[in-house]
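Contents: one structure, followed by commentary.
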Amino acid sequence: MTTTVLTKEDIDWGNLGFDYKPTTYRFVATYKDGAWSEGELITSQTVQVHEGSTSLHYGQQCFEGMKAQTAKDGRVLLFRPELNAERMRQSCERLSMAEVPEELFLRGVKEAVRANYSFIPPYGSGAALYIRPMLLGTGENLGLRPAPEYEFRVFVSPVGPYYKGTGLSLIKLAVTDYDRAAPSGTGAVKVGGNYAGGFIATKIAKELGANEALYLDAATRTYLEEAGSANIVISLSGNRLITPLSPAILPSITRRSVMQIAKDELGMETEERPIHFVNEFSEFEEMGACGTAAVISPVQAILHKNEWMYMKNSREGVGPVMQKLYNALTQIQKGERTDPFGWTVEVEL
């Protein structure tokens with residue numbers, strides 16, 4: 001086990017982008033002959049896999065996204081990591097991969113964070129330590145079948161906001177001609193194949209003046225699903241917050257938390273249900289794109305069929321509901337107030 005030195009790297013924390021920045025250690029465990037290794041910290045940034053590995057040919061790989069935050073009192077906090085472990089388990093089940101035990105998952109995350117303490121952005125910097133647990137199908141293989149071996153790896157990188165700006169940044173989304181996932185496909189699990197197909201949609205959305213693509217359902221192209229890198233929440237009149245329901249949507253931990261905060265702390269009526277985009281848009285007061293990377297990014301407008309459609313309360317700036325939800329969520333994540341839900345987990349240094 002590597003001894004943690006409680007010093008910080010000489011990094012311009014306030015100007016970090018959401019990019020890969022090399023850190024010293026990563027945690028690696030391997031699955032072979034039906035059992036997981038104990039796991040260890042290594043320094044190599046390179047993954048070596050056999051040319052026949054299923055992760056390369058058949059997309060048998062999945063991953064998670066998490067963050068570690070520094071609290072004002074110096075504690076290092078994770079946010080609901082057990083839910084990331086469970087979501088990876090569900091991804092493994094869907095892709096016929098060896099499941100990563102929760103104990104191994106959580107230990108790997110904590111060891112990677114602890115060993116890279118010097119790269120964890122300080123409190124108040126506006127940055128965080130992004131954590132990427134990943135699982136790859138490895139080993140000698142050629143036929144269309146599950147991998148004989150697996151590598152579980154956790155690497156970390158200090159990052160700034162996903163959408164550049166201070167605090168909350170208004171963004172725009174654009175509906176393109178591309179679909180994200182089929183109704184009974186892999187949209188509800190966090191696998192790489194869901195994202196590669198979306199690169200072109202994001203590229204087109206940016207060319208049209210938006211920050212990201214927005215997807216409608218693949219079957220009818222009328223119901224809201226999610227953005228390319230985040231789930232969606234929408235506030236309506238009457239103190240209501242709704243979010244799309246679809247078997248093709250990734251179950252966001254951030255969205256789940258936001259909906260609970262809205263219900264339990266803001267007294268909002270919350271509902272997860274199918275949302276008809278065109279028929280219901282006139283009722284949208286505010287919209288937010290939410291996820292580990294995006295946190296909560298208020299949506300100002302959506303481009304649909306060459307027309308910019310604006311939220312009622314977002315023309316002049318960030319609306320009050322998204323601001324309240326953002327404040328409540330981030331204050332818990334950063335340890336700035338009491339955590340009434342027991343969501344944060346301290347990484348012992």
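These values consider heavy atoms only, across backbone and side chains, with no hydrogens, waters or symmetry-generated copies. All residue numbers refer to positions in the sequence shown, counting from 1.
By the 6.0 Å and 45° rule, Lys8 stacks over the aromatic ring of Tyr117.
A salt bridge between Glu111 and Arg114 is absent, with no side-chain N of the basic residue lying under 4.0 Å from a carboxylate O of the acidic one. Salt bridge annotation for Glu151-Arg153: present, with a cationic side-chain nitrogen under 4.0 angstrom from a carboxylate oxygen.
Between Cys290 and Leu329, the closest side-chain pair of non-hydrogen atoms is not below 4.5 Å.
Judged as a ring pair (Phe, Tyr, Trp, His ring centres under 6.0 Å), and not counting sequence neighbours, Tyr123 has no contacts. Tyr195 meets the side chain to side chain contact (heavy atoms under 4.5 Å, CB included) test with Phe63, Lys190, Leu250; sequence neighbours excluded. Taking Glu207 as the reference, Lys203 meet the side-chain hydrogen bond (donor to acceptor under 3.5 Å, both in side chains) condition, with sequence neighbours excluded.
The closest side-chain donor-acceptor pair between Asn141 and Arg145 falls under 3.5 angstrom. Asn231 and Thr254 are not linked by any side-chain donor-acceptor pair at a separation below 3.5 angstrom, with hydrogens and angles left out of the test. Side-chain N/O atoms of Ser53 and Ser55 include no donor and acceptor closer than 3.5 Å. For the residue pair Ser235/Arg240, the side-chain donor-acceptor check at 3.5 Å is not satisfied.
No single ILVMFWY cluster, assembled from side-chain heavy atoms under 4.5 Å apart, contains both Ile249 and Ile275. Under the 4.5 Å side-chain heavy-atom criterion for ILVMFWY residues, no single connected hydrophobic cluster contains both Phe199 and Val191. Residues Leu41 and Phe155 do not share a hydrophobic cluster, defined by chaining ILVMFWY side chains whose heavy atoms lie under 4.5 Å apart. Criterion: ILVMFWY side-chain heavy atoms under 4.5 Å apart, direct or through other members. Under it, Trp36 and Leu95 are part of a common hydrophobic cluster. Follow the hydrophobic side-chain contacts under 4.5 Å out from Val299 and you never reach Tyr223; the two are in separate clusters.
Each salt bridge (Lys or Arg N to Asp or Glu O under 4.0 Å) pair with one or both residues in residues 223-237, not counting sequence neighbours, appears once here: Arg180-Glu226. For residues 340-349, the side chain to side chain donor-acceptor pair (under 3.5 Å) pairs, not counting sequence neighbours, are Asp339-Thr344. Applying the salt bridge (Lys or Arg N to Asp or Glu O under 4.0 Å) rule to pairs touching residues 241-268 yields Arg255-Glu272, Glu265-Arg337, sequence neighbours excluded.
In terms of modelled atom types and a separation under 3.5 Å, the side chain of Asn194 and the main chain of Ala181 share no donor-acceptor contact. Checked by atom type and distance alone, the side chain of Asn211 never pairs as donor or acceptor with a backbone atom of Ile171 at under 3.5 Å. Counting only distance, with no hydrogens or angles, the side chain of Ser125 and the backbone of Pro121 share no donor-acceptor pair below 3.5 Å. Here the side chain of Arg75 pairs no donor or acceptor atom with the backbone of Thr70 at under 3.5 angstrom. Side-chain atoms of Ser91 come within 3.5 Å of backbone N or O of Arg87 as a donor-acceptor pair. For Asn116 (side chain) and Thr24 (main-chain N/O), a donor-acceptor pair under 3.5 Å exists by modelled atom type. Checking side-chain atoms of Thr292 against main-chain N and O of Gly65 turns up a donor-acceptor pair under 3.5 Å. In this structure, Arg26 contributes its side chain and Ala112 its backbone to no donor-acceptor pair below 3.5 Å. In this structure a side-chain-to-backbone donor-acceptor pair under 3.5 Å is present from Glu280 to His276.
Cluster partners of Leu77: none. The rule joins Ile, Leu, Val, Met, Phe, Trp and Tyr whenever side-chain heavy atoms lie under 4.5 Å apart, and it links nothing here. Ile204 shares a hydrophobic cluster with Tyr178, Ile200, Leu208, Leu303, Trp308, Tyr310; the chain of contacts runs through ILVMFWY side chains whose heavy atoms sit under 4.5 Å apart. Side-chain heavy-atom separations under 4.5 angstrom define the hydrophobic clusters, and Tyr215 shares its cluster with no other residue. Cluster note: Val28 groups with Ile42 through ILVMFWY side-chain heavy atoms spaced under 4.5 Å, whether in direct contact or through intervening members.
Tyr163 has its ring centre no less than 6.0 Å from the ring centre of Phe18.
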From CA spacing to verdict: salt bridge (charged side-chain N to carboxylate O under 4.0 Å, His left out), Glu336, Lys72: CA-CA 7 Å; Glu336 293 177 340; Lys72 191 173 185 178; over 6 Å; no
Pair Ser246-Asp217, side chain to side chain donor-acceptor pair (under 3.5 Å): steps then yes or no: CA-CA 8 Å; Ser246 164; Asp217 73 291; over 6 Å; no
Glu212 and Thr202: CA distance, side-chain angles, deciding distance, side chain to side chain donor-acceptor pair (under 3.5 Å) verdict: CA-CA 5 Å; Glu212 180 62 276; Thr202 297; 2.6 Å; yes
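Heavy-atom contacts from other residues, nucleotides or ligands closer than 6.0 Å to CG of Asn279 number more than 12. Crowding of Lys312 atom NZ: a count of heavy atoms from other residues, nucleotides or ligands under 6.0 Å exceeding 12. Surrounding CD of Glu269 are at most 12 heavy atoms belonging to other residues, nucleotides or ligands under 6.0 Å away.
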Donor-acceptor contacts, no H, no angles, side chain residues 133-140, under 3.5 Å, sequence neighbours left out:
from, atom 1, to, atom 2, distance (Å)
Thr138, OG1, Glu149, O, 3.3
Thr138, OG1, Tyr150, N, 3.4

Which atom pairs, one a donor and one an acceptor, fall under 3.5 Å between side chains of residues 97-108 and the rest of the protein, sequence neighbours left out?
from, atom 1, to, atom 2, distance (Å)
Glu103, OE2, Arg107, NE, 2.8
Arg107, NH1, Glu38, O, 2.9
Arg107, NH2, Glu38, O, 3.0

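When each of Leu173, Val278, Leu214 is checked for a side-chain contact (heavy atoms from CB on, under 4.5 Å) with His304, only Val278 meets the rule.
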